[in-house]
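Worksheet: the structure to be examined is printed underneath.
Whatever order the structure lists them in is the order used to number ligands and atoms, beginning at 1.
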Amino acid sequence: MQSRETLLRRIPAVDEMLRRPAVEAWSKTHPHAVLVEAIRGVLADLRERILAGEDLRPEDLDPAGLLPRVEARLIDLLRPSLRRVLNATGVVVHTNLGRSPLPAEAVEAVRRVAEGYSNLEYDVARGERGKRFVHVEGLLRDLTGAEAATVVNNNAAAVLLVLNALAEGKEVVVSRGELIEIGGSFRIPDVMARSGARLREVGTTNKTRLADYEEAVGPDTALLLKVHTSNFAIVGFTEDVPVSDLSGLGRGRGIPVVHDLGSGSFVDLAQIGIGPEPTVGASLKSGADVVTFSGDKLLGGPQAGIIVGKRNLLDRIRSNPLARAVRIDKLTLAALEAVLRIYRDEPEGAAKKIPVLSMLTAAPADLKRRAQKLAEMIRKEAGDRAAVSVQPEQSQAGGGALPLGNLPTWAASVLPADVSVSRVEALLRENDPPVIARVKEGCVLFDPRTLRDADFPVVALAVGRALGKTAAEAGK
Ligand SMILES: *Cc1c(COP(=O)(O)O)cnc(C)c1O
């Protein structure tokens, strides 16, 4: 074993690496600074491994031997950081994977508005300054039956803005069973504190009755807030108060009811066999004065927070200074308008045109046929390195919707022959584009629900490559 000092001294210098013919060739086609950064990164890795006590062999420090790693790092540095991945997890609204893929109409609308100037805040007919929310307000009114509507950056911002605008310095009554946390640190009590409103908890985790709200309401009460419990469900001995009862209480005492619907949907998903998820219109009909929901969950649009409800309340919300801080940007607005137009003008076609809806409503028989097709393609690439089959599985809606909802699906299942399944899964993530799959009981699962047919050959090739590489690493 060589001493650390000897090993550290043997690390090649950056200049030495730059003089290698291969590197000189790369420097003709790649920015010098990036090339140097790639070399430095590889050398820094070596230093770290030596300092961590790893006994490197002399060939590990050989400049020529380091070139493939420099090249890999160079490719990595030159590639966009935010890029496409293939979602084989079967989680339709996958927050970590960008939630909703947009329909073609929305992508086209973004392109049109992004390329040039637009009437974002300009009333073309009058030749004067306008408001950005007008581009979607009429559509939202038509779709939900609300008197007025506005849109902000996301639903978290919508809730914060509504609470600040309608309840700063006052009390907001919420059931203990609805004090939820949504992934990524959105907690109702914290948002409430930041908004300047005071939380007044009522009831218990599993049971809250109208009487609990009635007792809590006083001169300091500004709002009754109902929160969709989204990503969890309390089952068994439970009771909660429907919006209609809250609204009865609120009307009697002159206190508005706000409903944070989370996902929000315009279509009754129960009609297509999934749910129950309350629609925005149903919440308003039940008496909610303000409803907030996300643009990129079940709606299948861009990231946005949508606020609909009574005109006088919406006026207060829109004129609050926070509204400016959380405003929606023009690209999002363009995409949102296009998606809302599909819902309003082609309600029959929405399930086909909006990817989230078409994925959620895919027929099990179709999913089975597609899983078989995918499995067949994977089998060709895998050869005898894995056993490939098709098996019944469950997909998930994601996005906090339908936490218990069952979406039966069929997955292509790959059982690697005596190599590590977690290594195969990791190599799939290294593919370009990365393939994100699920590991279960020693198999890698690929759910066709969240893949397009055009993705199948890419997935199959990636699996073939990952299996080949794992076998080579294992010396098989
Ligand atoms: C998802 C969710 C939010 C946050 O919405 P974002 O669009 O992610 O900001 C807030 N409330 C509920 C009930 C949710 O489900």
Tell me whether [X] is salt-bridged to [Y], with the criterion being a basic N under 4.0 Å from an acidic carboxylate O.
| X | Y | result |
| --- | --- | --- |
| R198 | D220 | yes |
| K131 | E137 | no |
| R341 | E105 | no |

Point to revise | Set of side-chain hydrogen bond (donor to acceptor under 3.5 Å, both in side chains) partners for S195, sequence neighbours left out | key: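 Checked S195 against side-chain hydrogen bond (donor to acceptor under 3.5 Å, both in side chains); zero matches.
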Atom indices of ligand 1 within 4.0 angstrom of [X] heavy atoms, with elements:
| X | value |
| --- | --- |
| D260 | 10 (C), 11 (N), 12 (C), 13 (C) |
| K297 | 1 (C), 2 (C), 3 (C), 5 (O), 14 (C), 15 (O) |
| F186 | 10 (C), 11 (N) |
| H228 | 13 (C) |
| G262 | 12 (C), 13 (C), 14 (C), 15 (O) |

Practice item. Classify the side-chain pair S395/R449 by whether it contains a donor and acceptor separated by less than 3.5 Å. Key: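 R449 and S395 do have a side-chain donor-acceptor pair below 3.5 Å.
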Point to revise | Donor + acceptor pair across side chains of D268, T279 (<3.5 Å) | key: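 On atom types as modelled, these side chains do not qualify, holding no pair under 3.5 Å.
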Point to revise | With V202, the side-chain contact (heavy atoms from CB on, under 4.5 Å) member among V174, V241, D212 | key: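 Looking at V174, V241, D212, the match for V202 under the side-chain contact (heavy atoms from CB on, under 4.5 Å) is D212.
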Practice item. Not counting sequence neighbours, which residues clear side chain to side chain contact (heavy atoms under 4.5 Å, CB included) with F237? List them please. Key: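 Counting only residues at least two positions away or on another chain, F237 forms a side chain to side chain contact (heavy atoms under 4.5 Å, CB included) with N206, K207.
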Review point. Can V159 be said to touch ligand 1, with heavy atoms closer than 4.0 Å?
Key: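 Judged by the 4.0 Å heavy-atom criterion, V159 does not count as contacting ligand 1.
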Practice item. Flag D296 as yes when one of its N or O atoms lies below 3.5 Å from any N or O atom of ligand 1, and as no otherwise. Key: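 No - when backbone and side-chain N and O of D296 are compared with those of ligand 1, no distance drops under 3.5 Å.
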Review point. Has ligand 1 got any nitrogen or oxygen that is less than 3.5 angstrom from a nitrogen or oxygen of A156?
Key: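 Between A156 and ligand 1 (N or O atoms, distance only) the closest approach is under 3.5 Å.
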Review point. Out of A158, S294, A157, G264, whose heavy atom sits nearest atom 6 (P) of ligand 1?
Key: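 Heavy atom nearest to atom 6 (P) of ligand 1 belongs to S294.
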Review point. Any idea which part of Q303 is under 4.0 Å from ligand 1, heavy-atom wise: side chain, backbone, both or neither?
Key: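 Within the 4.0 Å criterion, Q303 makes no contact with ligand 1.
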Check your understanding: Which bit of R99 is near ligand 1, meaning a heavy atom under 4.0 Å away: side chain, backbone, both or neither?
Key ->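 It is the side chain that gets close, since no backbone atom is under 4.0 Å.
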